[in-house]
Amino acid sequence: MPFKRYVEIGRIALVNYGKDYGKLVVIVDVIDQNRALVDSPDMVRGQMNFKRLTLTDIKIDIKRVPNKKTLIAAMEAADVKNKWENSSWGRKLIVQKKRASLNDFDRFKIMLAKIKKAGVVRQELAKLKKETA
Amino acid sequence: MTYRSSRFLPFPPPFESAEQEDHCQYSEGRRPMAPKDRKPHVSRNPDLIRGVGKYSRSKMYHKRGLWAIKAKNGGAFPKHEKKAVAAAPAEKPPKFYPADDVKKPLVNKRKARPTKLRASITPGTVLIILAGRFKGKRVVFLKQLTSGLLLVTGPFKINGVPLRRVNQAYVIATSTKVDISGVNVEKFDDKYFGKKVEKKKKKGEGEFFEAEKEEKNTLPQDKKDDQKTVDAALIASIEAVPDLKSYLGARFSLKAGMKPHELVF
């Protein structure tokens with residue numbers, strides 16, 4: 001089982017600990033064995049320990065430590081935002097966020113919708129059972 | 001003694017004649033300030049750091065213009081005569097001294113303030129009642145009464161909660177709001193909900209048991225009518241929102257996996 005996601009310049013990673021938890025960042029340089037220089041359109045470029053990062057599949061084409069303008073342009077070119085939001089990992093995170101922000105009324109409406117859906121499914125199942133029986 | 005040039009005066013010099021006052025283009029700002037008009041004066045001596053002012057004592061003396069006040073008064077600071085103090089009436093020595101020292105109660109300067117209403121609770125908010133007969137019921141908030149309690153209604157037809165008072169502490173405020181503009185809650189106050197004072201009956205043994213049975217449980221008709229009028233407008237605005245009626249009819253409960261400190265209400 002070889003590795004598929006490597007730490008390289010341009011690798012997009014997800015921050016999994018700390019002040020910027022949940023953000024997507026670009027690895028812009030490697031400082032030493034443990035730390036990377038990391039940048040993102042909405043944060044000041046800074047160092048981060050690799051343990052705080054989880055690598056993703058997405059990679060963009062940049063040179064070592066680009067300036068902010070170039071970085072943003074490269075991210076647009078590679079369409080990072082859409083790729084992330086359409087990936088199953090990205091979609092999962094969006095759903096988790098949505099669930100956490102649900103109102104009490106929203107949870108009630110979801111409960112009604114689930115019951116309705118289950119009712120429809122059960123009806124179809126009953127129909128199919130009747131046909132085969 | 002002459003004034004120094006008016007550039008250095010702390011306040012504009014007074015007019016010497018009525019004509020001067022009329023001709024002066026700034027006289028509008030010069031009318032004698034009534035006690036109500038005065039703006040609170042900011043300190044003339046700004047702090048360099050806390051406890052240390054920018055100007056020395058002599059500089060401050062000059063800035064306050066005490067020299068000008070003295071000059072106006074002919075070299076000495078103007079003095080008032082002391083108000084004559086009326087001679088206190090002669091007190092007789094008391095006839096009776098208590099044997100032990102009498103304790104005075106401690107001074108209590110606390111003022112009762114109206115209960116602060118949580119910012120999340122506004123008229124029309126759906127509240128979840130947490131204790132009492134109606135625990136778990138979702139209920140519409142109408143207004144805060146003067147005692148601090150919250151006036152709340154089911155509406156009665158939807159979940160059986162009548163017009164009722166509830167304590168803010170036993171309530172979760174959700175972020176769901178109902179439109180309450182058609183409802184008039186002016187007439188409800190704490191007296192409306194107080195216990196009715198019963199007339200004292202004379203104790204006659206035979207009457208005693210019969211009298212008790214009569215007084216139970218009849219809610220006066222005017223209270224029922226109040227409930228109906230309040231609820232009529234409310235139910236109309238509730239039915240405008242889909243699912244809101246069944247939401248208010250259902251009770252809230254914690255299910256598996258729900259963490260109250262992580263739930264958004």
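Letters A, B, ... are given to chains in the order of the sequence lines, protein chains preceding strands, and every chain is numbered from 1.
Figure legend: A/Arg107 and B/Phe252 shown without cation-pi pairing, the cationic atom not lying both under 6.0 angstrom from the six-membered ring centre and within 45 degrees of its axis.
Between B/Ser246 atom OG and A/Lys109 atom NZ the span is 10.5 Å, to the nearest 0.5 Å. Here the CZ-CG distance, from B/Phe265 to A/Leu102, works out to 12.5 Å after rounding to the nearest 0.5 Å. Atom-to-atom distance recorded for B/Leu248:CG and A/Phe108:CZ is 8.5 Å, nearest 0.5 angstrom.
The neighbour count for A/Asp61 CG, taken as heavy atoms of other residues, nucleotides or ligands under 6.0 Å away, does not exceed 12. Counting non-hydrogen atoms of neighbouring residues, nucleotides and ligands closer than 6.0 angstrom, the OH atom of B/Tyr61 exceeds 12 such neighbours. For A/Lys81, the NZ atom is loosely surrounded, since the number of other residues' heavy atoms within 6.0 Å does not exceed 12. The 12-atom threshold is not exceeded at NZ of B/Lys59, counting heavy atoms of other residues, nucleotides or ligands nearer than 6.0 Å. Atom CD of A/Gln123 is surrounded by 12 or fewer heavy atoms from other residues, nucleotides or ligands within 6.0 Å. More than 12 heavy atoms of other shown residues, nucleotides or ligands fall within 6.0 angstrom of atom NZ in A/Lys83. The environment of A/Arg5 atom CZ is dense: over 12 non-hydrogen atoms of other residues, nucleotides or ligands sit within 6.0 angstrom.
Looking at A/Asp104 and B/Thr174, their side chains never bring a donor and an acceptor atom within 3.5 Å of each other.
Using a 4.5 Å cut-off between heavy atoms, A/Leu112 contacts chain B through its side chain alone, with no backbone atom that close. At a 4.5 Å heavy-atom cutoff, the contact between B/Leu244 and chain A is made by backbone and side-chain atoms alike.
Listed here is the closest heavy atom pair of B/Asp243 and A/Phe105: O-CE1, 3.8 Å. Between A/Asn103 and B/Ser175, the closest heavy-atom pair is OD1-OG, 3.0 Å.
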